[in-house]
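Chain identifiers are assigned alphabetically (A, B, ...) following the order of the sequence lines, protein sequences preceding nucleic acid strands; residue numbering begins at 1 within each chain.
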Amino acid sequence: MILSVIAILFSCEKKDEFLDKKPLGDYSEIDVWSDPALIGTFVNSIYRNALGFPFAIERLSSYADESYFTHGWGVHDFNKSLMTSDDLLGWSVDWATPQTLHFFWNPFYDNVRRMNIFFSKINSVEADQSVLDRLKGEVYFMRAWTYFYLTNLYGGVPIITKAYSLTDNFMVPRNSYEDCINYIVGQIDSSAMYLPDTYPTDGHVSKGAALALKARILLYAASDLHNSAKNSIVLGGFSKPELLGYTSGDASLRWTAAKNAAKALIDLGKYSLYKGTPAINDSVAQNFVELFTSKGTVEDILLQFFTPKTDEGWNGYDPGLFEQPNGYHGWSSNTPLGDLVDDYEMKNGSKFDWNNSVHKANPYVNRDARFYATILYEGVKWRERPTDALAIDPYSKIQVGAVYNNSGVVIKPGLDTRIGPIENWNGGYTGYFLRKYIDPVVDFQFVKQDVPFKHMRYAEVLLNYAEACIELGLDAEARKYINMIRTRAGQPDLSVSLSGDALRQACRHERRIEFAYEDQRFWDIRRWMIGDLAYHQTSRVDIRYVTSETNVKQYRKADGSTYGNPIFSKVELDGDARVWNNKCYFFPIMRSEMNKNNLLVQNPGY
Amino acid sequence: MKFFYKPSLIKWRITKLLRIMRITTLLLLIGLMQTYATNSYSQNTKLSLKMENASIETILSKIEKISEFHFFFRSNEINSNDRHTIDASEQTIDEVLNSLLKDSKLTYKIFDKYIAIVSKENANGNIESLIQQKAIFGKVTDQAGVPLPGVSVVVKGTTTGVITDNSGNFTLTNIPENAILQFSFVGMKAQEVSVGNKTTINLVMAEETIGLEEVVAIGYGTQRKVTLTGSVASSKGNEIQKSPGTNLTNNLAGRIPGLTAVTRSGEPGADGATLRIRGSNTLGDNSPLIVVDGTPNRGMERINPSDIENVTVLKDASAAIYGAQAANGVILITTKRGSLGKPKVTLNMSQGLNQPTRIPKMADAAQYATMLNEILYYKNKAGGRNQKYSADDIQKYSDGSDPWGHPNTDWFGEVFKPWSSQNQQNASISGGSENMKYFISLGAKFEDGYYKNSATNYKQYDFRTNIDGKINKYINVAFDVAGRQEMRSYPNRPTGDPIFRTLMHSKPTMHAYWPNGTPGPDIEEGDNPAITTTDATGYDRDKLYVIQSNLRTNIIIPWINGLTISTNASYDKTFRFHKKFVRPWYLYTWDGNADHITTKNKKGFDGPELSEDMADGQNITLNVYATYEKTFETKHNIKAMVGTERRSGTNDVFSAFRKNYISAAVDQLFAGATDQYMSNDGSASHNAYLSYFGRLNYDLSKKYMAEFVWRYDGSYKFPTAKQFGFFPGISVGWRISDENFWKNNISYINDFKIRGSWGQTGNDRIEEYQYLATYGYVDNSTYVYGTEDNKLLIETKSPNINVTWEVANQANIGFDAFLFNNKISVSADYFNNIRSQILIRKNASIPASSGLTLPPENIGKVQNGGFEASIGYHGEAGEFKYDISVNGSYSKNKIIFWDETPGIPDYQRSTGRPMGSALYYEAIGIFKDQAQIDATPHWPATQPGDIIFKDVNPDGVINGLDRVMNEKSNMPRFIGGFNINLKYRQFDLAMLIQGAAGAQLYITAESGEVGNYYKDFADNRWTPENTDASYPRSYNRSDEYWRSQGNTFWLRSTDYIRLKNFELGYTLPLNVNKILGIENLRIYVNGLNLVTIDKSKVLDPEVSDGSGWSYPLQRVVNCGLTLTF
């Protein structure tokens, strides 16, 4: 025994060999950069960090004038323009908000590093050139995407193209906004060069995606927020205006570039609107439902896919659970504001008006078809209720009102309210729920849906083109493209007399309606500099049934009819008096980052 | 045991029990019996006896009948023809015998109940001298009266000696006159007894709790406390056993100075205390090294306390023998071993009840409804005070008149039982012969959770066999095997979130169960804790099998006097099988109608799901070391040790998952669907360490002492060229009390030693392979192309090729003193530790735009200093014996250097402040009204009833610059214990009062529409009517700035003092034992965490989670018995 121990200790292995272990859970740098399959998984992480968590529990819509975030978490303070360089309030509470957290300096620069590592290594990888080219094209695209959203948040940011090593000097100044846009456009042009024309619509980027992104980049760059002739109220005497916009050059050239970029994609001829000309028997609303629950259509340019197994933590991906009403055991997280709902036109193209007694008495009839595909509202038939709720509501119709007696006391609250019998603290406040992107077939209580998010679709390119045309005075051309969108939606064409600013407003309105909940509005508000118009006291709908009956057992009578006609009214949403401060057109660089890099210049107002 | 007897003394004749008996046996018996007599029977017994003309034999026989006396005599010395008359009334035996034998040639000698009748000539007139020259007999017991086997009894100045047998008896013959006997036994105070004219010596040995001769484990050897120069503290197994906790770590608090044990949770199977030796020393891992029976990194939590001989803590440079593992201190645990004698069986059984020490008191339904109304009112004042609940609703919540629609649910009452059961059983058998000794124990434990129909419980079965064999004069071997099975059962939902989170959320206005008995609704996702704490939702079970073995040899090298070589090979194996089977459960919804029909709804899962995982781990430790011990010129004592150790370990994990089970009836993998959801997973890790170590001790006449320890440690965690590090420690001691000037002047201080030490140790609890650039997959995140979830690969480490150990520089100075005949012991230490080369990332000063996650670099530095003191007093007053001891420790650390963002104001810097400091706004009150708000810098949109933040910088604006570093954390700085042990006759009582100070807890609740408020808050909140309130207004979750922004308002001191432990025991008297045929029986009641006095009052002061999201600590009341035979 003793001899064997001594023998083992002293003889059988040299000490250095005994201690030389290799990790069993990681790949070495050499493993990765010699294997295109591993490089592919590295690029996956670049996709993930660039494109974020659009179906997270808080949606960008709740930071814009589209929805109200039921759970609070500081979002309401964000919407009061209270953010500072110490605290972005509901924007970056990392435990709750993966989507907004991803729209933030640190993770974007983490991604920049990944892409810089990629480019520092990829040219020495030996593999099939077509595979390498495709990977390069994808990473160029993501570098453009990442820097684009950095500039949308902060204006000009430091352009970092090298993968730092520990001994480098990390102090870098911000590049001008113009430099950034030029750099980003260069990246997207490189991307387009490497990417295949088409790609199976499975979530990879293609040349089409590169062209569409380029159109978006140039449109944003041409917008008022970055135009020194228009953005002075934002800059407020800021000493470094070049960080936030163009300080020279001709705006119309920028609009032209934006227009041409959009046109390049259109001219590619590979994309078209899904059911762009509805057939006579089509339900237009149903066409939209199909568009937003399908796995890909002729219209889709960049999709982000999910599966029932996709695990992004409790808050990263489960739109069915997050958005559906409490009466279905959902969480009602981002409920449409009354303001958004009211912006849906009547079917005949006229505006909806609470002061119109016909509209007020029956607000949900004869509206733009997109309303029905986007919003769940009082009385609309939705998927079958879960068993316990079905016993209470056998009709499975949304209940956001309450039955009152003659003395104004609630005798039967709706199932989908904050005073209903089921998980009422998860009830919505606004009287509406989200319909868009929700797959009614999937029982979200047990299974996650797998509808992809549409980062870019052809409709956007058309409206981008139209917007650029308007800014260049090409009103007829603009109307033509806007009308393509309206035709598909079953709405009448714009009046040919509509021009100039009225046409601009119509175009902006079309964007708001067409792209509700598609993460466009938040950025549009900023680049159009309409913060003061978008952030104000919000509204909701109040719905009452008044009856003299005393034995009201359910919200609806046994025959499915209601206790009289509902009384609708538009009321203020308590606690959501939003406020705009012009400093919020740009985000602050966090105080800690400012302290770490003394070459940085803070944005105005912080 | 050996008998020594003189052949000439045979042929004594006795009556009754023993006819013919050897004198030695007789006297042995006498000695034995005398130990049982606490009072001399012969002196107290009064005899009444009347006989006429009877022979001496007849009379003696009669006396035996009416008393307990037994007579011994040689029949040839007694003249049976002599006739005697005796008339005694209430006389002592002396009086009777003096009268009886006054005219005869006989005399007598009383050995309590045994009386020898001998002739006066034979006895030379003095029988005592006859016996004395031949033999001395006796019995050695401990203070509880339990016989002590294995005590060495040596005639001083000779090599003559014996060891007590299994019953504690000894016999020594041929001892010279005026001999002095030395009694010694490990763990007991050595004693010397002058024989004088005694024939029997019955000795009670006291435990060496404060003794100098105590031997303590110090790693690869032991050392007598008298010559110890390091800061080492220990506690005995039998002390630790006094606590009824089922987790060993919870029984250590307050017992060992310098050791902090804070229990964060009472959850069965997950209730280990956070252990810190001398506080926190590093920004990294602060956990100490645990060494069990010489093998490092064995867990201590689940060791059966009754297997433990002692626990020793190495606090300073003395730990350097463990080198790179030792920076956070070392806890050495030694288990019991067998001793010489017949098999001794000990049974210990106890049955206890546990309950939470504290359940947070929550607002009632009426209060809660009122507060929700207030929230809506603060949002929309025009809407009034009854926007959600009418006054009528609140009245109904309050008076209980509408149990269906307006309940007032006490959720903790609905979910928790008043008491839950726990029990422990142990059986051990120990004994042995000269060549083979054994200690074998078996244990079982059960502990139930607090919940009604609890899915939570912990079961353990364990065994230990420690066998010592003596192969020959030179070679000893020891073979130990310990094994246990730990079985943990939990509900499928995790304990903290959601179970306790929803318990805290659960609204008093909601039903746990509807009045018709069906389960009530959930907060969301099926989380009604009354249901999710049961196994209705499935189960989560974990079985852990642990086998630990040691094979040790100890070889005395015959040709070099004083040299021994020891080896130890230990092989530890763990195997874990974890199975989580979840299934749908059903909750009920009521539509609010008067027919009270509730409808059920499936929750959680559409169908059953099963995940299983298995982990297989092993650790091998091999060491060999040589010890050389020699004394030169009778005063230079040298002990040297040198050795080497090799450790290696592997761990493999494998798991599998299936869902969409058609039925829940079979909970096995095969029964699940083979669909896209089924999956498997696996991983592995390994490690290797190689060390060389040594220790050199020198003392001059036990007066001047010095020690040098070192370890040269190699680890797989570092690049080849940097695998090894050298860690030395030196210490010196001076027993001033041995100096003449002291002896002559301060004799009441028997012993006084000052000690000093300095050493460098390492902390190897650091991330492995930091020198490699590695890429790894991201957990729980994918990117999907089409219908496939694809893995994400990221750069997991930027390499730091210069990575090395954290180094602890530990300096210690202290003294040990014994006063007034060792009645009082005092020990105190002052220490100053500087931890350098702490691995920290420089991210605080590097812009995030670099995108770099910097590797940890060895640049951090933390200083930690403090002191410990303990005072013990041992006293006796007749049969009342008492031990009292007090110990206390204080430590405070500060960050000397780490990476900090440049340019921050001084009051926000953590450098120079304790670790764990955090930035908070300073809450300085509550806004009473709008006027006050207008006059004070405030947060935007502040309302009356909000908390006032101090404008620290002061610029008239409250922003991030007004946050101030707060220096306290949730680890206490001061800890102390007050131990009392009392013994009176058969009763013994032990108490441990333990306290801690200097910690803080951020106590909040996630209240509002999401859930309930603490009652303390509800009772004292600001309202428009109560503007002088101590708490702010009703709030909804984190909507208010004073809820989302960390501020000092919610920080509460968790200083506490608690009756941690209480035990009252009763030991059966020995004469009863004799009747029962047992050796010892003790029955006891004890308790854990019985009374707590603290300031926070809301949650238990030891918990680390201030939101109530953790399983509360246990109060245990327990009774049991210990039986030895």
Side-chain angles (χ1 to χ4, degrees), chain A residues 1-2 5-6 8-9 15-16 18-21 23-27 29 32 38 41-42 44-45 47-48 72 74 82 84 86 105-106 109-110 112-113 158 164 170 202-204 305-307 309-312 386-388 391-392 421-423 425-426 446 553 574-575 591-593 595-597, chain B residues 379-380 524 551 553 567 569 589 591-593 599-601 605-606 622 624 644 646 683-686 688 690 714 716 720 723 769 773-776 780-787 789-794 796 845-852 901-904 940 959-960 1009-1010 1037 1039 1044:
Chain A
M1 153 67 201
I2 183 168
V5 171
I6 293 171
I8 291 167
L9 279 167
K15 68 176 188 186
D16 49 342
F18 175 69
L19 292 178
D20 284 349
K21 301 277 183 198
L24 300 177
D26 291 309
Y27 294 100
E29 201 170 16
V32 174
L38 286 175
T41 59
F42 185 76
N44 292 347
S45 74
Y47 267 83
R48 148 55 68 238
L82 295 177
T84 67
D86 295 306
W105 183 282
N106 299 25
Y109 272 107
D110 284 350
V112 165
R113 173 172 172 79
Y164 283 115
F170 306 113
D202 68 350
H204 283 94
F305 283 84
F306 300 88
T307 78
K309 291 197 291 183
T310 300
D311 178 4
E312 296 293 352
T387 50
D388 57 337
I392 301 170
I422 294 178
E423 295 176 36
W425 73 284
N426 274 331
F446 307 113
K553 295 199 69 165
D574 290 342
R591 189 193 299 275
S592 59
E593 184 75 359
N595 284 336
K596 291 172 190 177
N597 179 358
Chain B
K379 270 193 198 175
N380 172 22
E524 63 190 12
L551 179 56
T553 58
T567 68
T589 300
D591 60 8
N593 290 332
T599 318
K600 80 171 178 179
N601 188 43
F605 308 93
D606 202 19
L622 301 171
V624 54
T644 175
R646 207 183 92 157
S683 64
S685 63
H686 54 190
L690 183 61
Y716 77 105
T720 308
Q723 279 164 344
Y769 307 120
T774 57
Y775 287 70
N780 303 326
S781 189
T782 52
Y783 196 78
V784 180
Y785 300 114
T787 56
D789 281 277
N790 294 278
K791 285 184 182 300
L792 310 180
L793 190 74
I794 56 166
T796 45
S845 61
I846 291 196
S849 57
S850 68
L852 269 176
T901 306
I904 54 174
N959 62 16
E1009 285 168 322
V1010 66
R1037 223 165 181 181
D1039 285 359
S1044 61

Given B/K791 and A/N44, is the side chain to side chain contact (heavy atoms under 4.5 Å, CB included) satisfied, shown in steps?
CA-CA 7 Å; B/K791 285 184 182 300; A/N44 292 347; 5.6 Å; no
If you apply the rule side chain to side chain contact (heavy atoms under 4.5 Å, CB included), what do you find for B/L852 with A/F170, and how did you get there?
CA-CA 10 Å; B/L852 269 176; A/F170 306 113; 3.4 Å; yes
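Between B/T782 and A/T310, some side-chain heavy-atom pair lies under the 4.5 Å cut-off. Between A/R591 and B/N959, some side-chain heavy-atom pair lies under the 4.5 Å cut-off. Two residues are said to be in side-chain contact when any heavy atoms from C-beta on lie closer than 4.5 Å; A/W105 and B/S849 meet this criterion. A 4.5 Å side-chain heavy-atom check between B/Y775 and A/T41 finds every atom pair outside the cut-off. Contact of the B/L793 side chain with the A/Y27 side chain is registered, since non-hydrogen atoms from C-beta on lie closer than 4.5 Å. Residues B/K600 and A/T387 have side chains not in contact (no heavy-atom distance under 4.5 Å, counting atoms from C-beta outward).
In the displayed structure, B/K379 atom NZ is contacted under 6.0 Å by more than 12 heavy atoms of other residues, nucleotides or ligands.
With a 4.5 Å cut-off on non-hydrogen atoms, A/N426 touches chain B through its side chain but not through its backbone. With a 4.5 angstrom heavy-atom cutoff, A/D86 touches chain B only via side-chain atoms. At a 4.5 Å heavy-atom cutoff, the contact between A/V32 and chain B is made by side-chain atoms alone.
Classified by interplanar angle (parallel below 30°, tilted 30° to 60°, perpendicular above 60°), the ring pair B/Y785/A/Y47 is perpendicular.
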